[in-house]
Amino acid sequence: MRIGILTGGGDCPGLNAVIRAVVRKGVEQHGDEVVGFRDGWRGVLDGDVVALDVAAVRGLLPRGGTVLGTSRTNPFALDGGPERVLATLERLGIEALVPIGGEDTLGVAARLGEHGVQVVGVPKTIDNDLEGTDYTFGFDTAVGVAMEAIDRLHTTGDSHHRTLVVEVMGRHAGWIALHAGMAGGANIVLIPERPFDVDAVVAHCLHRFESGYSPIVVVSEGARPADGDLVTSTGQADAFGHVRLGGIGAALAQLVEERTGREARAVVLGHVQRGGTPSQFDRVLATRFGLAAVDAVHDGASGVMVALRGTDVVRVPLAEATARLKLVPLERYAEAEVFFG
Ligand code: F6P
């Protein structure tokens, strides 16, 4: 078969491992030809391709980012976009498409599936917010980076008797904050799913100082106070309507400093969480997803996404996986609250 592959949305560790697995299994076991589209759906719109043979994917397993490039292009937001996509696939003789992405990229895939394109999606995002899969690859690596940062911040915070507020990514889901906060022993974790009470944050910080240690507050970029708004860095939205988040860490540090009377600083981890080599968990998951996607293509499956359920890789309908975000259940958050203060 002639299979097209693309990576869309924010990059994340493990994308190259999927590309490698699709090519290795497709070419070596099925005699497929694999074509990579550059920069996500932009490459499909423009017919911008690169041939992917076994030599082209050598050494990709540990490499971060995506060798295909990525973009947040949405063909359905452009006049004649879907028609241009279909024309490219027809012209290049692409029989099946393997888009690797999050809710936006896979949302486009689901709609193309309805137009008769054979699509098998692969879920990725450091945010771990895709419904239908227990984990996305990239998440484990991002949590590892944030955990290491928190470990380091404990010692410098204690030395200077100051509060350190660590802002992590995650958009509207608090998974990175929750897992990094638990793994790093943070004293407070603030997530978008549960608007926070500033008085309670200040009280927890003061309690921590009283016990002889300095507070570490982990705040997800999408968290907001119960009586305040989401902090955004620009008012601009991308092609899928997402505004750029960021700034809650600095705003909160200022509030905590004023209210505790002790110095507070903000640390924004930002894209450090997304870059670099994938963890062993993400390498294995990404590889298993790539292999399973090729199997699904050859089984004639379409409109599906490969997904992790427990320890098994299964197929779930794309429509189901992209219908809503997988947010942190409040009972999961409540488990962590025993460590607050
Ligand atoms: O979805 C992954 C993610 O890293 C989010 O956590 C974050 O809000 C967003 O992408 C940032 O995107 P960009 O790098 O395009 O600003």
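Worth saying up front: this structure is predicted, and the values here are computed from it rather than measured. In this chain, numbering begins with 1 at the start of the sequence shown. The basis for the numbers below is simple: all heavy atoms, side chains too, and nothing from hydrogens, waters or symmetry mates. Note that ligands are numbered from 1 as they come in the structure, with each ligand's atoms numbered from 1 the same way.
Side-chain polar atoms of D104 and H242 form a donor-acceptor pair below 3.5 angstrom.
Residue pairs meeting the side-chain hydrogen bond (donor to acceptor under 3.5 Å, both in side chains) criterion with at least one partner in residues 23-51, sequence neighbours excluded, are R2-E33, R24-E28, K25-D295, D32-H298, R38-D48, D39-R42, R42-D46, R42-D48, D46-R84.
Here F240 pairs with nothing under the ring-ring contact (aromatic ring centres under 6.0 Å, His included) rule; sequence neighbours left out. By the salt bridge (charged side-chain N to carboxylate O under 4.0 Å, His left out) test, R208 is found to be paired with no residue, residues two or more places apart in sequence or in another chain being considered.
Taking the six-membered ring where tryptophan is involved, the planes of W175 and H179 are perpendicular, since the angle between them exceeds 60° and thus also 30°.
Under 4.0 Å is where a charged nitrogen must lie from a carboxylate oxygen, and between R332 and E193 no such pair does.
Protein residues lining ligand 1, listed by chain and number: R72, I126, D127, M169, G170, R171, E221, H271, R274 [non-hydrogen atoms, distance under 4.0 Å].
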